[in-house]
Number of protein chains: 2
Amino acid sequence: MQVGLLGLGTVGSGTVEVLRRNREEIARRAGRDIVVKAASARDLKKKRAVSLDGIELVADPAAIIARPDIDIVVELIGGDTIARELVLKAIAAGKHVVTANKALLAKHGTEIFLAAQKKGVMVAFEGAVAGGIPIIKAIREGLTANRIEWIAGIINGTCNYILSEMRDKGLPFDMVLAEAQRLGYAEADPAFDIEGIDAAHKLTILAAIAFGIPMQFDKAYVEGITRLTAIDIKYAEGLGYRIKLLGIAKRTDKGIELRVHPTLVPSRRLIANVEGVMNAVLVKGDAVGPTLFYGRGAGSEPTASAVVADLVDVTRMATADPEHRVPHLAFRPDRLSDVPILPMEAVESAYYLRLRALDRPGVLADVTRICADLSISIDAIFQKEAGEGEDQVDVVILTHATQEKHVNAAIHRIENLPTIPSPVVRIRLEELL
Amino acid sequence: MQVGLLGLGTVGSGTVEVLRRNREEIARRAGRDIVVKAASARDLKKKRAVSLDGIELVADPAAIIARPDIDIVVELIGGDTIARELVLKAIAAGKHVVTANKALLAKHGTEIFLAAQKKGVMVAFEGAVAGGIPIIKAIREGLTANRIEWIAGIINGTCNYILSEMRDKGLPFDMVLAEAQRLGYAEADPAFDIEGIDAAHKLTILAAIAFGIPMQFDKAYVEGITRLTAIDIKYAEGLGYRIKLLGIAKRTDKGIELRVHPTLVPSRRLIANVEGVMNAVLVKGDAVGPTLFYGRGAGSEPTASAVVADLVDVTRMATADPEHRVPHLAFRPDRLSDVPILPMEAVESAYYLRLRALDRPGVLADVTRICADLSISIDAIFQKEAGEGEDQVDVVILTHATQEKHVNAAIHRIENLPTIPSPVVRIRLEELL
């Protein structure tokens with residue numbers, strides 16, 4: 001099987017290295033050799049840590065797609081403009097495609113899979129979600145017996161590293177982000193990660209294969225971790241919770257929830273104990289119950305592990321009747337569901353609310369009255385003692401599950417109280433049971 | 001696709017129920033209906049919780065195999081005598097087979113897979129290991145890029161439940177076992193579980209697909225949890241460890257380690273926090289690093305989840321050229337490895353040793369001298385204070401990794417010291433890094 005790589009960056013180099021190092025072992029599994037014949041790179045003269053012996057280097061990725069001796073094109077360029085054109089061109093040329101490009105699939109997956117289906121080629125994308133964790137395969141093939149109820153995933157290692165450090169060391173967000181950038185765990189421009197967009201791309205893909213719906217990235221609710229403070233992490237910890245950036249996709253009677261946001265999770269849950277850059281995806285199926293899949297969500301060889309697993313799968317099925325292949329989105333393309341994605345206002349969650357209140361009698365009565373009027377059921381309420389000489393106290397409220405619009409209304413009213421001088425902090429809370 | 005069930009016990013009923021409840025969703029994935037046409041049961045008149053509408057019930061499982069309208073035979077009878085005959089008969093009749101029978105595969109897998117290969121049929125067995133966790137698929141297909149270095153699994157829910165309860169409540173083994181039996185978490189005859197045999201069956205299968213070796217259950221080292229005491233669990237906890245019954249398969253330069261035994265694991269590892277009847281398998285690949293797969297390891301619907309996933313896979317590939325199918329043992333049958341299983345004496349591990357010593361000067365000097373003479377490097381040593389009026393103290397030693405034969409020799413010499421009146425407790429310790 002002859003492979004052409006588009007892009008020789010971190011994952012591309014890792015793919016070359018893993019295929020070379022484990023060549024004999026991989027061939028024992030796949031039944032035939034998988035060999036990289038050509039690769040494209042922006043800088044052809046760059047020194048690389050990995051040996052490129054036997055690989056023809058070219059500047060133009062389209063030249064690789066045009067080669068008749070290439071069976072599989074691996075797209076590792078990233079982004080959703082050039083990558084989209086190249087992937088569609090590869091499909092049109094009758095090549096199978098392997099990609100780790102979540103932005104591309106979350107935005108243009110429907111178009112790409114349709115083109116692939118028409119042409120009878122495969123597009124494999126295990127590396128697009130949670131790096132080396134075989135989560136696409138687990139959901140798409142391992143849990144086929146189940147009606148998936150929900151998925152909750154730590155699917156951005158940068159955010160999980162930052163939140164782990166903020167909790168461990170009690171440091172503020174900005175300081176930890178700077179350290180993460182120094183260590184290479186965060187990009188120079190970190191917005192894509194810390195604003196939750198990367199997680200939303202991955203969640204969009206997971207929701208599609210879990211529920212048999214088209215990719216609908218534009219309907220996902222996305223809230224990052226930039227406004228989280230050390231004090232809320234500390235309060236949460238004291239109440240038996242950890243704060244994680246979760247991607248949550250949930251099936252409800254009214255539609256599908258698709259949301260990325262910081263979330264309080266009970267500390268005793270396994271997923272709450274996933275630390276640093278590690279990823280984990282919790283999948284709840286109606287037959288299997290809760291399952292969790294954990295591993296490295298990024299990096300050269302972990303992602304290459306997923307890319308090469310896709311290469312083995314594609315190699316195995318390349319000459320098979322397309323009828324025998326696993327559908328791209330887990331469900332047959334003619335049997336996708338049009339169940340709607342719920343607007344965030346209609347989502348149900350429990351909430352952690354923190355108010356800074358003037359230390360006056362009657363504040364709690366006012367706040368609890370507002371909640372009661374909006375039928376928000378309070379699970380617990382804590383007033384933190386005012387510091388020496390301080391006139392303000394923190395009040396933390398945990399609610400039972402309620403619709404987001406009611407909580408938004410309550411926050412609006414609470415912020416209008418004369419005893420509440422600053423904005424209410426709202427973080428969603430999920431028991432994940 | 002028409003299915004015949006051999007056995008209508010817990011898993012058989014679960015399979016009927018899941019296929020019925022999720023029929024539409026499963027068909028959307030598999031592309032065709034999967035229908036149970038017939039089932040065999042010992043007691044045809046028994047009332048069952050699940051509806052058997054449209055399923056022909058027979059007493060003789062062989063009658064199901066003989067039916068020309070059955071495409072896939074699901075063996076859920078258990079044991080390795082009648083089940084072996086039936087599975088071989090089904091293969092000879094050209095039926096695909098799905099089984100959740102770990103004892104059968106661990107002992108007769110080589111014979112069964114050879115017969116299936118010759119006949120061109122599939123034998124799928126996701127339900128045989130770790131119930132609903134798709135661990136066979138993860139290792140066999142999801143991690144194909146990797147040279148698997150080791151696997152460590154909590155793969156017996158009964159033992160994990162007992163150990164969790166002993167730790168949580170400080171209760172002795174016998175009392176927790178009795179409670180587990182009352183709750184249905186342990187069988188009336190629990191030997192199979194608590195002696196580690198069930199875990200060893202599963203480990204044998206995992207090792208085969210991870211390393212590309214034949215099934216070699218008879219070479220596995222098996223030690224159960226019956227001799228564990230609450231005091232060792234407590235001491236381990238104080239040192240930052242939890243005791244789990246682990247199945248460990250490890251590739252070394254000299255051969256493959258295949259062993260089931262109680263193991264101290266650092267408390268901060270995710271797998272150390274897997275509680276109650278849950279299962280988890282930690283897989284270390286050279287490219288992906290550590291990955292963990294967690295879920296329910298037994299029970300009606302969790303195991304049915306795996307059985308039905310196999311049915312979907314088999315349905316998808318039933319008419320495909322066998323060349324396109326995933327090899328039963330992950331590696332091509334003509335390319336299995338003959339690397340030997342190491343005898344336990346040659347295995348390397350770290351150790352927790354607990355000695356009850358007379359409270360005399362010089363005991364520690366004697367013990368550490370014995371270790372030094374055998375080149376056993378001590379990581380830490382703790383002398384517990386003698387209780388009021390007691391003449392004996394507990395000494396706990398943690399060693400660095402060393403060959404088991406040296407530790408056995410040291411224990412023999414230590415037990416011969418006049419100051420050591422009772423046997424030394426030895427529990428292996430793994431950092432799992």
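Atoms considered below: every heavy atom in the structure, side chains included; atoms not considered: hydrogens, waters and symmetry mates.
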Handout entry: Contacting region of B:Thr319 [heavy-atom separation from chain A under 4.5 Å]
Key = both
Exercise for the section: Examine whether an atom of B:Glu25 lies under 4.5 Å from a heavy atom of chain A, and if so say whether it belongs to the side chain, the backbone or both; otherwise answer neither. Expected result: both
Exercise for the section: State plainly whether the residues B:Arg147 and A:Glu301 are in salt-bridge range, i.e. N to O under 4.0 Å. Expected result: no
Hey, does the side chain of [X] reach the backbone of [Y] with a donor-acceptor pair shorter than 3.5 angstrom?
X        : Y        : result
B:Asn22  : A:Ala145 : yes
A:Arg28  : B:Phe331 : no
A:Arg332 : B:Ala30  : yes
B:His324 : A:Met317 : no

Relative to chain A, which of [options] shows the most heavy atom pairs under 4.5 Å?
options                                : result
B:Ala287, B:Pro302, B:Gly142           : B:Ala287
B:Gly132, B:Pro290, B:Ser300, B:Gly131 : B:Pro290
B:Gly295, B:Ser305, B:Ala330, B:Ser337 : B:Ser305
B:Ala138, B:Ala280, B:Pro134           : B:Pro134
B:Val308, B:Ile26, B:Leu270            : B:Leu270

Among the listed options [options], the residue most often paired with chain B at heavy-atom distances under 4.5 Å:
options                                : value
A:Arg140, A:Glu275, A:Arg296, A:Arg316 : A:Arg316
A:Val18, A:Asn146, A:Asp310            : A:Asn146
A:Gly289, A:Gly31, A:Ala27             : A:Gly31

Exercise for the section: Supply the atom-to-atom distance B:Tyr294 OH to A:Thr291 OG1, rounded to the nearest 0.5 angstrom. Expected result: 9.5 Å
Practice task
To the nearest 0.5 angstrom, please state how far the CD1 atom of A:Ile135 sits from the CZ atom of B:Phe293.
Solution key: 9.0 Å
Exercise for the section: Could you tell me which portion of A:Arg325 (side chain, backbone, both or neither) has an atom closer than 4.5 angstrom to a non-hydrogen atom of chain B? Expected result: backbone
Practice task
Can you establish whether the number of heavy atoms outside A:Arg335 located under 6.0 Å from its atom CZ is more than 12?
Solution key: yes
Completion exercise
Per side chain to side chain contact (heavy atoms under 4.5 Å, CB included), A:Arg29 is matched among B:Leu143, B:Thr144, B:Val326 by B:Thr144
Handout entry: Sub-4.5 Å side-chain heavy-atom contact between B:Glu141 and A:Val312
Key = no
Handout entry: Side-chain heavy-atom pair B:Arg21, A:Asp286 within 4.5 angstrom cut-off
Key = yes
